[in-house]
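These notes are about the structure you will find just below.
The shown structure was predicted, so the numbers you read here are calculated from the model rather than taken from an experiment. Below, read A as the first sequence line, B as the second, and so on, with proteins coming before strands; counting in each chain starts at 1.
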Amino acid sequence: MTTPAATDTTKAKSLKDTLNLPQTQFSMRANAAQKEPECQQQWEKASVYAQAQARRAHSDKGFYTLHDGPPYLSAPTIHIGHALNKILKDFVTRYQYQRGFASPYVPGYDGHGLPIENAVVKSLKGGRHSVTPAELRKLCRDFGAKNEAGQRSQFERLGVWGNWEQPYRTTDAAFEAEQIRVFGQLYANGYVYRGLKPVYWCSHCETALADAEVEYDTHTSDSIYVAFKVLEPPVATSSVDQDLRNVLKTWDETSFVIWTTTPWTLPANLALCFNWEIDYGIYQTTAHGKLVLAVDLVKDFSEKTGIECSLLKTFRAKTLESAVINHPFLDRKSAFLFGDHVTTDAGTGVVHTAPGHGMDDYLVCLNHDHEHPNSKLGILSPLNNKGVFNDDCGVPELVGIHYSKANDVVIDILKQKNALLGHQKFEHSYPHCWRCHNPVIYRATDQWFVSMDNNALRKEAMTAIDTVQWIPERGKTRISTMVSNRTDWCISRQRVWGVPIPMLYDAATGDVVFDADVIAHIANLFEVHTSDIWWGWSTDQLLDGLPAEVKTRIGLPARTLVQEMDIMDVWFDSGITHTAVVNARKEELGGLPVALYLEGSDQHRGWFQSSLLTSVMHNGKAPYQRVLTHGFVLDGNGRKMSKSVGNVVDPNKIMSQYGADVLRLWVASVDYTNDVRISDTIISQMVEAYKKIRNTLRFLMSNLYDFDPAQHSVATDRLDLLDRYTLHRLAEVTSTLTEAFDTFAFHKYVPTLQNFCVVDLSQLYLDVTKDILYTYPANHPERRATQTVLFTLLKTLVPMLVPVLPHLAEDIWQHLPEHQRWSDATSGVLLDGPQAKPVLNVNDQEHFRELLELKESVNSLLEVCRKGGQIGSPSETSVWIQALHPEKVSEVEKRLMKKLLLVSDLVYSQNGPPAAVLASQNEELYVLPAAGTKCPRCWKHIDFDASTSDSHPCEAVVSKADLLAAVEVSA
RNA sequence: GGGCCAUUAGCUCAGUUGGCUAGAGCGCACCCCUGAUAAGGGUGAGGUCCGGUGUUCAAGUCACCGAUGGCCCA
């Protein structure tokens, strides 16, 4: 024998060349960091999104529009919450496209507002007043544009498709113009009013703040108890109890006790507030005369002030209603009021009431004024925009002093008047400005409001809420509660970076001058020049182009008009996108109401609500048919992410490391109806899932290299039970995922798809059919049948990938030869959704599961043999099944079972096994060493004496003699 | 301080109207294969279902109390 090693290798190699081994150019690894951006460039170059819109331009199904909530342009980078939001949106638009709808997506950006203005002001060396408002606005615009560019590229990197070339911006001229048209109409219809009202006010930023712009933090305040002297006793009525009269004989020594943590608001005190239901007591003290306060709080009072109180008499506040009370240091009466907000949780049960500095105070006084029009209290708010006292405070020492420094002055005065009963420092949760983090105050100022109750807005909004599908359902409760409890919407801000409130005043009287034609005129100017001209042009310039009769109507030129310089709340900007975007781009977006708004759950009080209210006012209905909310992204331990803790997960980092598809797969694995988590562990799990899916698809493709569906497909009724079972499972997966996406249950995607790839394909179908694919003659019916199944799998799975893994779907599509493409789509992401029909009846399913159970039993036995070192692969064994009626097992079934088991032989017999047994179970299932000779080509053990090309397909490819020669050599 | 939501194996999720010896996939451990190979197959170990108290023949599932986390409001 010559150089046996060399001969051996050659022979083996030549036999291997006769196999149909898988072939593909499709790489096993995604190399996503490099390939995804290339893929995205291709999409852009080929205008794939535009192609999608064109394909659905005349769809019978019409529109399924998801209207984008505009992210705020405060930063050039996106965070993981943005990624979750945009990816969920992309699932919807891509899926609905696949279902046949026109599902356009026009991304938006929210560019006005306080945070941007503050950021820009901060960057100015000379501060806010070193530039003109017009200049400041230019800087804000540039700042937003820069951030938009950054956000856009990162959003696109996520693989989100949409009209990125023509997004909408709340800062666009046409948007601004439409916004003041909406405002004008709302004003004309009586929804908008101007009024004095306490609002959260930041004296540092010199602006009113929305509730959403206030955050709570601990703050140490001066906590004081103050005596309010009773000037005149209550008018005696029958209800006044005789004992109490006796107690109250000397009125000049009696005071009501209040508690406050804002001493500086005392100059604005106009009333004291009591609760009907609380028991009050009158107490004798040694140094402070008689004091009146709630019985439940007297102990607390004594502990904090050291003032001993001995009870003289208890009563309800109604008894003293007509008492005349004096302000502790001003020559002014304080009214006696009742309010439900007065409690015995803290304080004294008597509440200092300054309607200019508190919401409850304001409401209770407003109510009083409504009921007593002849003795109105009005509102006193003696601070200017900077929080400095003016003359209205009535205290000369305070004029010119910032409120935060006024407490000491007020406390000194109280001491002088002997009205201070106690003083401590008090730490509590207190509202702060969300931008500058300074404490904020309530301050009554002139503001513009949307009234919740004019024209029954609140009621109409509640009705509209009922017409909407809220996902998850609890969202409905949440927004209903908010809408039914909210106060009037303050829409004015004392800032420059925003859309102006387009109103004019008579310079002499201060009266509002409104005319619809003026608004229309200004809107038209904005449409050309943007709202910048409100600051850049003079009032005369702005009004110059008005028709003569309109000028006359508004009193020009006889009187001088001045502009309102407040801007609108940014929530008003984004709140009217339904009109300024959806309606304005009706051809593209299909008009109102849109199918879906999809945002984080914080938007119940933000965009969902501002959109609802403005839409109800302007359009008479909700702007959306459905609202989907998702939770927040937390770290792996369920904690909020924060820079200081260092647990922030950056989506850009994930994408540069693993690709957008992995990030998207994460989104398709978590239950967004609650808060979701992300961590390295979680991401690496997604990396594994991605690999499995990719590799499974790669296996399908590589084994179809010589398959032409037009020529080689085998009819379903000629497929065996394993084939049909696999197709049946495919249909089940398809319908599960279709239903999941129809109901927005995206988190079913990963488990369903992964389970199918792992269990049904990798472990079962692909493993079992591998030998057939490789070793059978290329045109063998069973091989072509298997390839038919593989092709069906491919054809169904690729569309299934599209909404979640568009880059992978595209990668596959681009690797398919023309004859294997089932669609004329130039891009994989343009494919229609998957279609698959169940092919097995219940009996067949049941029967096949029995076969799988048998396979499991055999596997257990084989494992015993493997662990014992007796065998390696199943082909080294044959299985012997002892059955009562072996003749009832058909040849077809035997063949199928042998295929499933991957063993060299399978025997059904009434008798026990003749040969030495490797392992057995229940005296009916035996594993034996395989008989015959290991075929060097297919590695199964073959009885070459008895074999034919039918029982041993290798012999149809290579002659028995050559096979045996190879056996000799390798032996 | 008030309201709402969540809490099932290391991870992500299933667990219909109370009947479970609590499931899946991944991950992990061990074994095999080397013709899906930076792949593939097999077997297996992991859970006082956040804690407590009730209701019930029976509770992961219902009620109450509490813990932790999250959101909203004050």
Side-chain angles (χ1 to χ4, degrees), chain A residues 12 15-17 19-24 26-29 211-212 214 216 341 343 345-346 359-360 428-431 472 474-475 477-479 481-482 485-486 600-602 604-606 629 631-640 665-666 668-671 673-689 691-692 694-703 745 747-759 761-764 766-768 770-771 773-775 855-856 858-869 871-876 902 937-939:
Chain A
L15 273 184
K16 188 167 171 177
D17 289 343
L19 296 171
N20 311 300
L21 292 179
Q23 297 173 22
T24 181
F26 182 77
S27 67
M28 193 149 131
R29 290 161 65 87
D211 290 352
V214 165
Y216 285 79
H341 65 287
T343 66
D345 292 345
M359 191 51 72
D360 287 331
H428 59 147
S429 172
Y430 189 86
R474 74 182 94 104
T477 317
R478 196 155 165 191
I479 194 153
T481 311
M482 284 179 177
N485 294 334
R486 73 162 296 158
S601 58
D602 55 335
H604 284 110
R605 77 167 181 188
T629 52
F632 286 75
V633 185
L634 308 175
D635 76 2
N637 297 315
R639 306 290 167 123
K640 195 195 292 205
L665 205 56
W666 165 72
S669 75
V670 292
D671 180 4
T673 61
N674 269 301
D675 290 342
V676 300
R677 298 180 181 198
I678 195 164
S679 66
D680 289 347
T681 314
I682 293 168
I683 286 300
S684 64
Q685 190 176 203
M686 287 307 123
V687 171
E688 293 305 316
K691 283 185 188 167
K692 188 69 189 185
R694 185 182 178 91
N695 237 325
T696 304
L697 271 299
R698 179 173 183 265
F699 186 85
L700 301 180
M701 293 163 78
S702 63
N703 282 292
H747 71 286
K748 289 185 182 167
Y749 186 83
V750 170
T752 305
L753 187 59
Q754 186 176 224
N755 202 72
F756 183 62
C757 288
V758 169
V759 178
L761 299 185
S762 204
Q763 292 177 2
L764 181 65
L766 305 183
D767 195 42
V768 160
K770 228 187 299 191
D771 288 343
L773 291 167
Y774 298 169
T775 67
K855 179 173 161 73
E856 277 186 43
V858 170
N859 278 342
S860 294
L861 293 180
L862 291 176
E863 181 64 13
V864 172
C865 303
R866 239 190 322 264
K867 284 259 155 99
I871 63 157
S873 87
S875 62
E876 293 168 37
L902 294 164
R937 186 171 177 279
C938 70
W939 300 341

Taking OP1 and OP2 of B/A36, is either one under 4.0 Å from a side-chain nitrogen or oxygen of A/Tyr774?
yes

Among B/A39, B/G35, B/G25, which is the nearest nucleotide to the side chain of A/Met28?
B/A39

Considering only side-chain heavy atoms of A/Ser860, which listed nucleotide, B/G25, B/U43, B/C72, is closest?
B/U43

Look only at the side chain of A/Asn637 and the backbone of A/Arg639, and say whether a donor-acceptor pair between them is shorter than 3.5 Å.
no

Working to the nearest 0.5 angstrom, can you tell me the gap between A/Leu862 CG and A/Lys867 NZ?
13.0 Å

Quote, to the nearest angstrom, the P distance that separates B/C26 from B/U34.
23 Å

Same-atom distance (P) from B/A59 to B/U53, integer angstrom:
13 Å

Quick check, does A/Phe699 stack with B/A39? I mean ring centres under 5.5 Å and planes off by under 30°.
no

What does A/Arg486 touch in the nucleic acid at a heavy-atom separation under 4.0 angstrom: a base, only the sugar-phosphate, or nothing?
nothing

A/Asn637 CG to B/U7 P, in whole Å, measures 17 Å

Assign A/Val864 to base, sugar-phosphate, or nothing according to its heavy-atom contacts below 4.0 angstrom with the strands shown.
nothing

Selected nucleotide, minimal atom distance to A/Asn695 side chain, candidates B/C72, B/G41, B/A36:
B/A36

Pairing partner of B/U37 (Watson-Crick or G-U wobble, both distances under 3.5 Å):
none

I want to check one thing: is the phosphate of B/C71, taken as OP1 and OP2, less than 4.0 Å away from some side-chain N or O of A/His604?
no

Rounded to whole Å, CZ of A/Arg866 lies from C1' of B/G40 at a distance of 13 Å

Considering every strand shown, what is the Watson-Crick or G-U wobble mate of B/U7 when both distances are under 3.5 Å?
B/A67

Classify the nucleic acid contact of A/Lys770 as base, sugar-phosphate or nothing, counting any heavy atom under 4.0 Å across all strands shown.
base

In terms of side-chain heavy atoms of A/Asn859, which of B/G42, B/G70, B/A36 is nearest?
B/G42

Whole Å only: how far is the CG atom of A/Leu764 from the P atom of B/G42?
9 Å

Do the side-chain N or O atoms of A/Lys692 get closer than 4.0 angstrom to the phosphate oxygens (OP1, OP2) of B/G25?
no

Within this structure, what is the CD-to-C1' distance between A/Glu688 and B/A38, rounded to whole angstrom?
11 Å

Any chance you could measure A/Met686, atom CE, to A/Thr681, atom OG1, to the nearest 0.5 Å?
11.5 Å

Rounded to whole Å, please give me the gap between NZ in A/Lys867 and C1' in B/U43.
5 Å

Using a cut-off of 4.0 Å on non-hydrogen atoms, how would the nucleic acid contact of A/Trp666 be classed: base, sugar-phosphate, or nothing?
nothing

Within the 4.0 Å heavy-atom criterion, would you say A/Met686 contacts the bases, only the backbone, or no part of the nucleic acid?
nothing

Rounded distance (Å) that lies between atom P of B/U37 and atom NZ of A/Lys16
10 Å

Please work out if A/Asp671 contacts a base, only the sugar-phosphate, or nothing of the nucleic acid, heavy-atom cut-off 4.0 Å.
sugar-phosphate

Of the options B/G25, B/U12, B/G70, whose atoms approach the side-chain atoms of A/Leu634 most closely?
B/G70

Do A/Glu688 and A/Lys692 sit within salt-bridge range, that is, some charged N less than 4.0 Å from a carboxylate O?
no

Decide, for B/G52, between syn and anti: a glycosidic angle within 90° of 0 counts as syn, anything else as anti.
anti

Positive for side-chain contact (heavy atoms from CB on, under 4.5 Å) with A/Lys770, one of A/Asp767, A/Leu766, A/Leu773:
A/Asp767

Checking contacts here: which listed nucleotide (B/A24, B/G42, B/U37) is nearest the side-chain heavy atoms of A/Asn755?
B/A24

Without swapping roles, check the side chain of A/Arg478 against the backbone of A/His604 for a donor-acceptor pair under 3.5 Å.
no

Assign each of A/Arg677 and A/Gly638 the nucleotide of RNA chain B bearing its closest heavy atom; nearer the 5' end lies the nucleotide of A/Arg677

Distance below 4.0 Å between A/Gln763 side-chain N/O and B/G42 OP1 or OP2:
yes

Pairwise C1' distance, B/C13 and B/G19 [rounded to whole Å]:
24 Å

Quick one: label A/Ser702 by what it contacts on the DNA or RNA (base, sugar-phosphate, nothing), any heavy atom closer than 4.0 Å.
nothing

Say you pick atom P in B/A45 and the same atom in B/G25; how far apart are they, in whole Å?
14 Å

Just call it for A/Leu19: base, sugar-phosphate, or nothing, with non-hydrogen atoms closer than 4.0 Å on any strand.
base

Spacing of the P atoms in B/C11 and B/G27 (rounded, Å):
15 Å

Nearest-angstrom distance, C1' atom, B/U61 to B/U8
11 Å

Let me confirm one number: the OG-CZ distance from A/Ser873 to A/Arg866, rounded to the nearest 0.5 Å.
8.5 Å

When you measure from the side chain of A/Val758, which nucleotide among B/U12, B/C72, B/C26 comes out closest?
B/C26

Rounded to whole Å, please give me the gap between CZ in A/Arg639 and C1' in B/U7.
13 Å

Reckon A/Thr673 touches a base, only the sugar-phosphate, or nothing at all at heavy-atom distances under 4.0 Å?
nothing

Would you indicate which nucleotide in B/G40, B/U12, B/C71 comes nearest to any side-chain atom of A/Gln685?
B/U12

Check every atom of B/U12, B/C71, B/G40 against the side chain of A/Phe632 and return the nucleotide holding the closest atom.
B/C71

Counting side-chain heavy atoms from C-beta on, which of B/C72, B/G41, B/C5 comes nearest to A/Asn674?
B/C5

Is there a Watson-Crick or G-U wobble partner for B/U43 with both distances under 3.5 Å, and if so, which one is it?
B/A29

C1' gap between B/A67 and B/C28, integer Å:
31 Å

Provide, to the nearest angstrom, the distance between the CD atom belonging to A/Gln754 and the P atom belonging to B/A14.
15 Å

Phosphate OP1/OP2 of B/G41: any A/Ser762 side-chain N/O under 4.0 Å
yes

Do side-chain atoms of A/Arg694 reach the backbone of A/Met28 as a donor and acceptor pair under 3.5 angstrom?
yes

Please state the P separation for the pair B/G60 and B/U16 - nearest whole angstrom.
13 Å

Taking A/Asn703 for its side chain and A/Phe699 for its backbone only, find out whether a donor-acceptor pair lies under 3.5 Å.
yes

Under a 3.5 Å limit for both distances, which nucleotide forms a Watson-Crick or G-U wobble pair with B/A24, could you say?
B/U12

Approximate separation, where rounding is to 0.5 Å, of A/Cys757 SG and A/Leu700 CG:
8.0 Å

Any strand, both distances under 3.5 Å, Watson-Crick or G-U wobble: B/C62 pairs with B/G54

Which comes earlier along RNA chain B counting from the 5' end, the contact point of A/Leu766 or that of A/Thr681, where each point is its nearest nucleotide?
A/Thr681

